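Structure first, then comments.
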Amino acid sequence: MRPPGFRNFLLLASSLLFAGLSAVPQSFSPSLRSWPGAACRLSRAESERRCRAPGQPPGAALCHGRGRCDCGVCICHVTEPGMFFGPLCECHEWVCETYDGSTCAGHGKCDCGKCKCDQGWYGDACQYPTNCDLTKKKSNQMCKNSQDIICSNAGTCHCGRCKCDNSDGSGLVYGKFCECDDRECIDDETEEICGGHGQCNCGRCDCKAGWYGKKCEHPQSCTLSAEESIRKCQGSSDLPCSGRGKCECGKCTCYPPGDRRVYGKTCECDDRRCEDLDGVVCGGHGTCSCGRCVCERGWFGKLCQHPRKCNMTEEQSKNLCESADGILCSGKGSCHCGKCICSAEEWYISGEFCDCDDRDCDKHDGLICTGNGICSCGNCECWDGWNGNACEIWLGSEYP
């Protein structure tokens, strides 16, 4: 019979071995091999499962991306700055949440990457007091960013501190005023942050060597031929990137950079087309979906500019639709509630009285205003970032 303390000794030894696994040399291979250098007794799938955080799907980062998986055991990197530790390399003494430059907001202690808050404080960074003695006005004032917007419209104000909208638990919206939105860094195709080729820096990707682009989606060297690249960028459009972007290695960078209104794999969606010359979207009576207005009930038209119900008499309406020569809508449209609806069959007819011909506007690459502006009665009104008679010139670095 073993002495009474023997079991406690075994438990202590096991605990010490488990706690020290991530600090051992990388040549060390724990006991799931029969002897050093022998094959692992686990399948690859089982080995990787043991090295992933609970609940993470196959393909997720092993050892939290901070070490290598050796037969089901994480060997944490020791060459990185700081020190990673824990069974899955989940702990790092530098990665606790900060608020306003202070770890755990100065109201807690960092323990394995998580803040343990002092009494009277809560939140991921211990930034929220449990009791607030501020007035709502004072609280909101403290939450305003440099543009005087509360929490950048990306969060709510709690006692003078912003709580960013992260209902999905992603933590991609952050910053003292919720000014950083890393959702903009997610690659549309791979759904990875910065395409898996970079790291976020307050909503912008810092790309690894060999990659570039807004989402680090473009390799410095491309294996596609010029024809293959253009074909991928063209899609169903007549022009690469729909004439609204730059094609590089089969992927489009839409212009102007940072303008969320131009998007899509081939820049096929241009929500600027939903705006009138004053910048009003869908007449204020609808929403824009990939460059087309979806009108609210009771409104219709290309820009949702026509009400279905009219409070005018037919005579009042017709009087407002007559052009200078006394002809109703210049003979090229119909009158509805005092406004001309130009003939849909003659797509090029426009103007308040259907008196303009969009074919008179300059073209480039076969497109009126190159698709980068609005034809206004024979002249191209270019969108921000574009210039030229046909809006064919991208201002590039000159455009802020």
Side-chain angles (χ1 to χ4, degrees), residues 59-62 64-66 77 79-81 95 152 154 170-175 178-272 290-291 364-365 367 370-372 382-388 391-400:
L62 303 178
H64 285 83
R66 298 167 176 166
H77 295 316
T79 57
E80 298 284 338
V95 295
S152 307
S170 64
L172 295 176
V173 182
Y174 58 97
C178 305
E179 69 275 16
C180 300
D181 189 348
D182 286 354
R183 293 175 298 186
E184 296 299 313
C185 298
I186 298 177
D187 187 273
D188 297 327
E189 292 186 5
T190 65
E191 296 185 351
E192 291 183 278
I193 295 289
C194 301
H197 306 299
Q199 295 180 332
C200 297
N201 183 7
C202 195
R204 295 190 176 186
C205 286
D206 289 334
C207 302
K208 295 178 182 177
W211 295 86
Y212 71 102
K214 183 182 176 183
K215 300 176 181 178
C216 304
E217 69 272 33
H218 300 303
Q220 295 284 9
S221 57
C222 183
T223 58
L224 298 177
S225 67
E227 293 78 14
E228 289 173 327
S229 177
I230 290 175
R231 192 161 52 247
K232 288 191 73 173
C233 287
Q234 197 164 326
S236 59
S237 174
D238 294 331
L239 294 172
C241 304
S242 307
R244 305 186 190 103
K246 183 178 181 181
C247 178
E248 294 175 301
C249 200
K251 291 196 174 183
C252 291
T253 300
C254 302
Y255 290 152
D259 192 334
R260 298 182 185 179
R261 295 173 298 175
V262 185
Y263 56 97
K265 190 174 181 180
T266 58
C267 307
E268 70 275 13
C269 296
D270 190 346
D271 287 354
R272 297 173 301 185
C290 196
H364 182 71
D365 284 334
L367 292 178
T370 325
N372 299 316
C382 301
W383 286 311
D384 290 342
W386 295 93
N387 204 347
C391 306
E392 76 279 16
I393 301 172
W394 165 239
L395 297 179
S397 59
E398 299 176 20
Y399 180 66

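Remember, it's a predicted structure, so these values are computed and weren't measured experimentally. Residue numbers count from 1 along this sequence.
- Sulfur-to-sulfur, C233 and C252 sit at least 2.5 Å apart at their SG atoms.
- When the SG-SG distance for C267 and C241 is compared with the 2.5 Å cut-off, it comes out at or above that value.
- For the cysteine pair C382 and C391, the distance separating the two SG atoms is below 2.5 Å.
- Closest non-hydrogen pair, K232 versus G250, comes out as CB-O, 3.7 Å.
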_From CA spacing to verdict: side chain to side chain contact (heavy atoms under 4.5 Å, CB included), E179, S152_ = CA-CA 6 Å; E179 69 275 16; S152 307; 4.0 Å; yes

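- Once rounded to the nearest 0.5 Å, the distance linking CG of D271 with CZ of R260 reads 12.0 Å.
- In terms of heavy-atom proximity, E184 sits nearest to K215 at O-CE, 3.2 Å.
- For D270 against W383, the heavy-atom pair with the smallest separation is OD2-CZ3, 3.4 Å.
- A donor-acceptor pair under 3.5 Å is formed between the side chain of E268 and the backbone N or O of T266.
- One distance of note links NZ of K214 with OG1 of T253; it measures 9.5 Å at 0.5 Å rounding.
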*For the pair C200 and C185, evaluate disulfide (SG to SG under 2.5 Å) and give the outcome as yes or no after the intermediate values.*
CA-CA 7 Å; C200 297; C185 298; 3.9 Å; no

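- Residues N372 and R272 are in side-chain contact: their nearest non-hydrogen atoms beyond the backbone lie under 4.5 Å apart.
- When each of C194, C207, C205 is checked for a disulfide bond (SG atoms under 2.5 Å apart) with C216, only C207 meets the rule.
- In this structure, I186 and I193 have side chains that are in contact, with non-hydrogen atoms separated by less than 4.5 Å.
- A 6.0 Å sphere centred on CD of Q199 holds no more than 12 heavy atoms belonging to other residues, nucleotides or ligands.
- The two residues Y263 and C254 make their nearest non-hydrogen contact at CA-SG, 4.1 Å.
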